[in-house]
Amino acid sequence: MPRITLPDGSVKEFDRPVTAGEVAASIGAGLAKAALGAKVNGELTDLSTRIEKDATVSVVTAKARGATQPDADSLYLLRHSTAHVMAEAIQRLFPGVQLVYGPPLETNFYYDMAFPPGVSMSTEDFARVEAEMAKIIAEDRPFTRYDVPVNDGMAKLKKEGSKYKLDNAERAVEAGSSALSWYATGAPGKDWEDLCRGPHVPSTGKIGGFKVLSLASSYWKGDETSDRLTRVYGTAFATKAELDAYMTQVEEAKKRDHRVLGKQLRLYHIDEMVGQGLILWTPNGAVIRQELQNFIGEELRRQGYHQVFTPQIGKLELYKTSGHFPYYQESQYPPIIDHDQMKELVTEECSCGELANRLKSGEIDGYMLRPMNCPHHIKIYASQQRSYRDLPVRLCEFGTVYRWEQSGEIGGMTRVRGFTQDDAHLFVREDQVAQELQGCLSLVKLIFETLGMHDYRVRVGLRDKDSAKYIGDPKAWDSAEQACRDAAKSFGASFSEEAGEAAFYGPKIDFIVKDVIGRSWQLGTVQVDYNLPKRFGLEYIGKDNTPHVPVMIHRAPFGSFERFVGCLIEHFAGAFPTWLAPEQVRVLTISEKSEVYGREVLAMLQKADVRVTLDESSERVQSKIKAATEMKIPYLLVVGEKDAEARAVSVRARGFQENLGAMPVAEFVSTVDREIRSRGKESVAQRFGK
RNA sequence: GCCGCCCUAGCUCAGUGGUAGAGCACACCCUUGGUAAGGGUGAGGUCGUGGGUUCAAGUCCCAUGGGCGGCUCCA
């Protein structure tokens, strides 16, 4: 006889096996009505799940009582159920479509499908699909599970002829399933059904708000060489209001997209004629980059780094030694070869394949646009004899690198073909690794704290032991991986260890943030490397008067300026703190009568090295305020005759939709100057008690 | 690179076979107005590029460049 423990700790006893739905009903009729599913012993299930033994049961509702947010489990159930409804609707409209896999996601769901040859769906079909879905939902058909023994189930699938579902079933059996389960939307054997593990909400009527979002494509099992599938995205909520709120939120997020703001605030430009993925930093964006560089530069000097400058190309020999060429050939710009060799090859009518072979064999030499800065820095280290007393040697450079990313994955500032890393390479003794790693991590921490970025995750990238792409001795890898793990632990934040995420020469600690549309980007990175020093034969003379191989640490706390600024634009929604803002202050004159004074205020701010402009156009102040507000300028100073007389400025600070009041101009200059130099620790707004 | 969609004025977009449009921005004139758009006039486009179909193409077809969303990839 099952004893059911409820989330509040209370226990209910039943004298017979019960369903999760009955448990829900026993808690309260209102709750049962709202119930979408249940969790039995922590596992998400249907309300129809039978409970025969003692269990802990909680009820999944669209919105737990008192909660303002729907709980994640309810949305999982709802979205997966909506995926079934969508699949049925699409199969009705497009006969012959085969289903593959339709999981729920954090904010939406998709269903991968194989369309028959010559048949495809377009965004124009969404309305029809949604109309079909609405019918199914209006019918409020129950999701009914039924189990079939493995052999019978396989036979059934074979008969139906879906190779994808058959494959899903085979994998389920491999994973130990003793039976295969189907979910009918309605009555088994009569209504539409799908091979599915579940669970589902009780009936289609529970789906309150839904939408077909987009079309994409995918590969079967994620394999590039396998079948190409059509992926239809949609989303669902318990109510139409929640769907609308979500759609509004998506619209708002789009306004914060760095590609939109980049144009609106004139931060950067990408020109077709220059090339895909090559960022042109316009004056406004350049200010931000320069300020970030100054900020980190100050810190590097404090921490004993030495600035170096190195060229953006190097001979193939350099990259053959480092291991980049030819193993990463397809992700690099092709080598540059000299004029005479080029002429010779042309007259010989040498094919590209032959050229590649000759470059590979070393028969002809060439230069490469560098994909990384490390080989150049390594050569600086190697350029003189080093003693153990000299270590650590910390060489830093804002180094520009070029990588031939696939055209389809380039976009905005976050994935580009040329970018500048805030790079450094530390050559250290083995006993210094731990401390130096900590130093590197502290830089990352400083950056995130100064910029108020708290929403990031930490990943320790380890090698995939089955993969052949990593170079070096497994023992060295083990110690490097342990060093990363230890350093990540000491960092304080939680982190995940992920195999297969290491660089080809060593493990790393990455800092990852999400953009406005939910994609993850790696920013800062710290990598331990026992391999490249060996490949380049680096050494230092130890205390024992014999040569030793140093350990290298690669680190870039921002990652790259391009990607970092792209994420930063979204983080601040374009409203940069005053120290980073391209235009920090704008002076707005009320009429021609205040022009002379306006110019005087402008000059005072310019003298204090504040980035300031003067708007003395013949528009009204209201219009000038609107224009300046759209450019997200931190401070607007309205100056009219009254202000001129009082030698004051009327301050309007971004974020406050009002005139904060007048302040003597000299005081504003000194206050804003302190705000800028303290990087926001003080502010003009504070002076007004805001 | 692959699949799908998109590309019209500086920007945002309307225009689905019959002589290119709007708003904002820009220029000039009027207006001198105290905290999110004062008024008028004007200039600005070989409709991404190259082919094709048609009496006629921004509109239909093919190719190509670029963008977007996925996928794959990301030292």
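Within every chain, numbering begins at 1; the chains are lettered A, B, ... in the order of the sequence lines, protein sequences first and strands thereafter. Because the structure is a prediction, the values reported are computed rather than measured.
Straight-line distance between the C1' atoms of B:rC60 and B:rU16: roughly 9 Å, to the nearest whole Å. The P atoms of B:rC6 and B:rG15 are separated by 13 Å, rounded to the nearest whole Å. Rounded to a whole angstrom, the distance from the P atom of B:rC2 to that of B:rA14 is 29 Å. B:rG21 and B:rA43: their C1' atoms are spaced 16 Å apart (whole Å). Look at the C1' atom in both B:rG69 and B:rA75: the space between them is 27 Å, to the nearest Å. Separation of the C1' atoms belonging to B:rC47 and B:rC13 is 13 Å when rounded to the nearest angstrom. Taking atom C1' on both nucleotides, B:rC62 is separated from B:rC26 by 39 Å, rounded to a whole Å. When the P atom is compared between B:rU32 and B:rC68, the two are found 48 Å apart, to the nearest whole Å.
Distances shorter than 4.0 Å separate none of the side-chain N or O atoms of A:Gln622 from OP1 or OP2 on B:rG38. Contact check, A:Lys263 against B:rG10: no side-chain N or O comes under 4.0 Å of OP1 or OP2. Distances shorter than 4.0 Å separate some side-chain N or O of A:Arg519 from OP1 or OP2 on B:rG69. Put simply, A:Ser331 has no side-chain N or O that comes within less than 4.0 Å of OP1 or OP2 on B:rA75.
In summary, A:Asp510 and A:Arg457 do not engage in a salt bridge, as defined by a charged side-chain N under 4.0 Å from a carboxylate O. Note on A:Glu645 versus A:Lys642: no salt bridge recorded, every NZ/NE/NH1/NH2 to OD/OE distance being 4.0 Å or above.
A parallel orientation is assigned to the rings of A:His554 and A:Tyr505, their planes being inclined by less than 30° (bins at 30° and 60°).
Within the 4.0 angstrom heavy-atom criterion, base atoms lie near A:Lys642. Residue contacts for A:Gln276: at a heavy-atom cut-off of 4.0 Å it reaches the sugar-phosphate backbone alone, with no base atom in range. Within the 4.0 angstrom heavy-atom criterion, only backbone atoms of the sugar-phosphate kind lie near A:Ile517; the bases stay farther away. Here A:Gln421 lies out of heavy-atom contact (under 4.0 Å) with every strand. At the heavy-atom level, A:Leu660 lies nowhere under 4.0 Å from the strands shown. Residue contacts for A:Glu330: at a heavy-atom cut-off of 4.0 Å it reaches no nucleic acid atom on any strand shown. Across all strands shown, A:Gly275 has no heavy atoms under 4.0 Å from either base or sugar-phosphate atoms. Contact annotation for A:Ser218: backbone-only contact, meaning every heavy-atom pair under 4.0 Å involves sugar-phosphate atoms and none involves a base.
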Response to the item:
Applying the Watson-Crick and G-U criteria (both distances under 3.5 angstrom) with [ ] for crossing and | for other-strand pairs, one obtains for RNA chain B (((((((..((((....[..)))).(((((.......))))).....(((((..]....))))))))))))....
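A cation-pi geometry, defined here as NZ or CZ lying under 6.0 Å from the six-membered ring centre and within 45° of its normal, does not hold between A:Arg228 and A:Trp220. Cation-pi geometry between A:Arg403 and A:Phe419 is not met at under 6.0 angstrom from the ring centre and within 45 degrees of the axis. Judged by the 6.0 Å distance and 45° axis criteria, A:Arg463 is not positioned over the aromatic ring of A:Tyr470.
With hydrogens and angles left out, the side chain of A:Arg259 and the base of B:rC68 share no donor-acceptor pair within 3.5 Å. With hydrogens and angles ignored, no donor-acceptor pair closer than 3.5 Å exists between the side chain of A:Tyr110 and the base of B:rG69. The base of B:rG69 does not come close enough to the side chain of A:Ser214 for any donor and acceptor atom to sit less than 3.5 Å apart. A donor N or O paired with an acceptor N or O is not found under 3.5 Å between the base of B:rU35 and the side-chain atoms of A:Gln657. With hydrogens and angles left out, the side chain of A:Arg403 and the base of B:rC73 share no donor-acceptor pair within 3.5 Å. No donor-acceptor contact under 3.5 Å links the side chain of A:Lys626 to the base of B:rA36. If you check distances only, the side chain of A:Ser650 does reach the base of B:rG34 with a donor-acceptor pair under 3.5 Å.
Side-chain proximity of A:Pro371 to B:rC3, B:rG1, B:rA75: nearest is B:rA75. Distances from the side chain of A:Asn659 to the nucleotides B:rG70, B:rA75, B:rU35 place B:rU35 closest. Comparing B:rA75, B:rG34, B:rG1 by their closest approach to the side chain of A:Glu409 singles out B:rG1. When each of B:rG34, B:rG66, B:rC73 is scored by its nearest atom to the side-chain atoms of A:Val621, the top-ranked nucleotide is B:rG34. With B:rG38, B:rC71, B:rG34 as the candidates, the nucleotide lying closest to the side chain of A:Tyr219 is B:rC71.
The nearest whole Å value for the distance from the CD atom in A:Gln406 to the P atom in B:rG1 is 8 Å. Here B:rC11 presents its P atom at 16 Å from CG of A:Leu261, a figure rounded to the nearest Å. One interatomic measurement links the two molecules: CZ of A:Arg654 to C1' of B:rU35, which rounds to 17 Å at whole-angstrom precision. Regarding A:Asn108, its CG atom lies at a distance of 12 Å from the C1' atom of B:rG69, rounded to whole Å. One interatomic measurement links the two molecules: CE of A:Met663 to C1' of B:rG34, which rounds to 19 Å at whole-angstrom precision. Summarising the geometry, the separation between CG on A:Leu588 and P on B:rU35 is reported as 12 Å, rounded to the nearest angstrom. Note: CG (A:Leu229) to C1' (B:rC71) measures 10 Å, nearest angstrom. If you take CZ of A:Arg652 and C1' of B:rU35, they are 5 Å apart, rounded to a whole angstrom.
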Can you name the atoms? Protein N/O to nucleotides 23-31 of chain B N/O, anything below 3.5 Å, with the distance.
residue	atom	partner	partner atom	Å
B:rU31	O4	A:Ser618	OG	3.4

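Residues A:Arg563 and A:Gly411 each lie close to RNA chain B; by heavy-atom proximity, the contact nearer the 5' end of the strand is made by A:Gly411. Comparing A:Ser591 and A:Met121 by the nucleotide of RNA chain B that holds the closest heavy atom to each, the one mapping nearer the 5' end is A:Met121.
Side chains of A:Arg79 and A:Thr235 form a contact here, defined as non-hydrogen atoms less than 4.5 Å apart. A:His324 has its side chain out of reach of A:Arg370: every pair of non-hydrogen atoms, C-beta onward, lies at least 4.5 Å apart.
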Fill in: Check against side-chain contact (heavy atoms from CB on, under 4.5 Å), A:Trp521 and A:Asp515
CA-CA 7 Å; A:Trp521 298 104; A:Asp515 68 13; 2.9 Å; yes
Item to complete: Apply the test salt bridge (charged side-chain N to carboxylate O under 4.0 Å, His left out) to residues A:Glu630 and A:Lys626: give CA-CA distance (whole Å), side-chain angles for both, the deciding distance (0.1 Å), then the verdict.
Response: CA-CA 6 Å; A:Glu630 279 169 358; A:Lys626 180 168 189 287; 2.9 Å; yes
Practice prompt. Evaluate the salt bridge (charged side-chain N to carboxylate O under 4.0 Å, His left out) criterion for residues A:Asp125 and A:Arg128: first the C-alpha distance (whole Å), next the side-chain angles of each, then the deciding distance (0.1 Å), finally the verdict.
Written response: CA-CA 5 Å; A:Asp125 298 315; A:Arg128 288 164 62 210; 2.8 Å; yes
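When the options A:Glu616, A:Glu595, A:Lys624 are evaluated for a side chain to side chain donor-acceptor pair (under 3.5 Å) with A:Thr589, the one that passes is A:Lys624.
Without hydrogens or angle criteria, A:Gln332 side chain to A:Phe325 main chain gives no donor-acceptor distance under 3.5 Å.
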